[in-house]
Each structure stands twice: as C-alpha cells, then as structure tokens.
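Scroll down for the structure; my scribbles are underneath it.
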Amino acid sequence: MERSCQAQLLAEAAGEPVLIEPEVAIRTRAVVGTELAGLFSFQPLYNVICAEQPEMFD
C-alpha cells in the first residue's frame, strides 16, 4: 500500500493524471486483484516483519 501511495503521489506531482479505460482496469484487476496475487505481494513484507519482530508471535 505504501508503494502504491508513493506511486500515486509521484504521478500527481508529474502533472495531470491520465485515467485508464474501465476495460483496462477490469483486466488488470483480474490479474493482480486475486487473493493469490495479494498473498504473493505480501509475503516479502511478512518475512521482514517476522525477522524484525519475532516476539510478535509469543
């Protein structure tokens, strides 16, 4: 989420955002909006959290 927000702010700082077509948004969501894609994206962050805060699971 942090990277998404950063990308949004950078895009807005570069000028007027260009909206994508609804069909493109729907196709993109079908690829990256699945639970498996979310798990795959979250796994590296989870690994960092586990390494930095192992006491969290006690």
Side-chain angles (χ1 to χ4, degrees):
M1 180 60 115
E2 178 72 24
R3 285 183 284 194
S4 295
C5 292
Q6 184 181 28
Q8 180 70 33
L9 290 172
L10 288 171
E12 290 178 359
E16 186 69 27
V18 178
L19 300 179
I20 62 172
E21 297 295 322
E23 297 81 23
V24 174
I26 291 168
R27 286 194 311 256
T28 302
R29 193 234 179 255
V31 173
V32 299
T34 64
E35 288 182 18
L36 183 58
L39 177 63
F40 182 75
S41 295
F42 176 68
Q43 192 65 47
L45 177 59
Y46 179 77
N47 292 340
V48 169
I49 291 169
C50 291
E52 291 180 355
Q53 302 177 30
E55 70 281 356
M56 173 173 86
F57 299 106
D58 292 339

What are the two closest non-hydrogen atoms of Val24 and Ile20, and how far apart are they?
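Taking Val24 first and Ile20 second, the nearest heavy atoms are CG1-CD1, 4.3 Å.
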Which heavy atom of Val32 sits nearest a heavy atom of Ala37, and at what distance?
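Result for this residue pair: O-CB, 3.5 Å.
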Return the CD1 to CD distance between Ile26 and Glu23, rounded to the nearest 0.5 Å.
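One finds 6.5 Å between CD1 of Ile26 and CD of Glu23.
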Of Met1, Arg3, Glu2, the residue whose pairing with Cys5 passes side-chain contact (heavy atoms from CB on, under 4.5 Å):
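Testing each of Met1, Arg3, Glu2 against Cys5, the sole residue satisfying side-chain contact (heavy atoms from CB on, under 4.5 Å) is Met1.
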What do you reckon, is CZ of Phe40 surrounded by more than 12 foreign heavy atoms closer than 6.0 Å?
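Open.
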CD (Glu12) with more than 12 external heavy atoms under 6.0 Å
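Result for CD/Glu12: enclosed.
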Return a table of donor-acceptor pairs under 3.5 angstrom between the side chains of residues 46-58 and protein atoms on other chains or two or more places apart.
residue	atom	partner	partner atom	Å
Asn47	OD1	Gln43	NE2	3.1
Asn47	ND2	Gln43	O	3.4

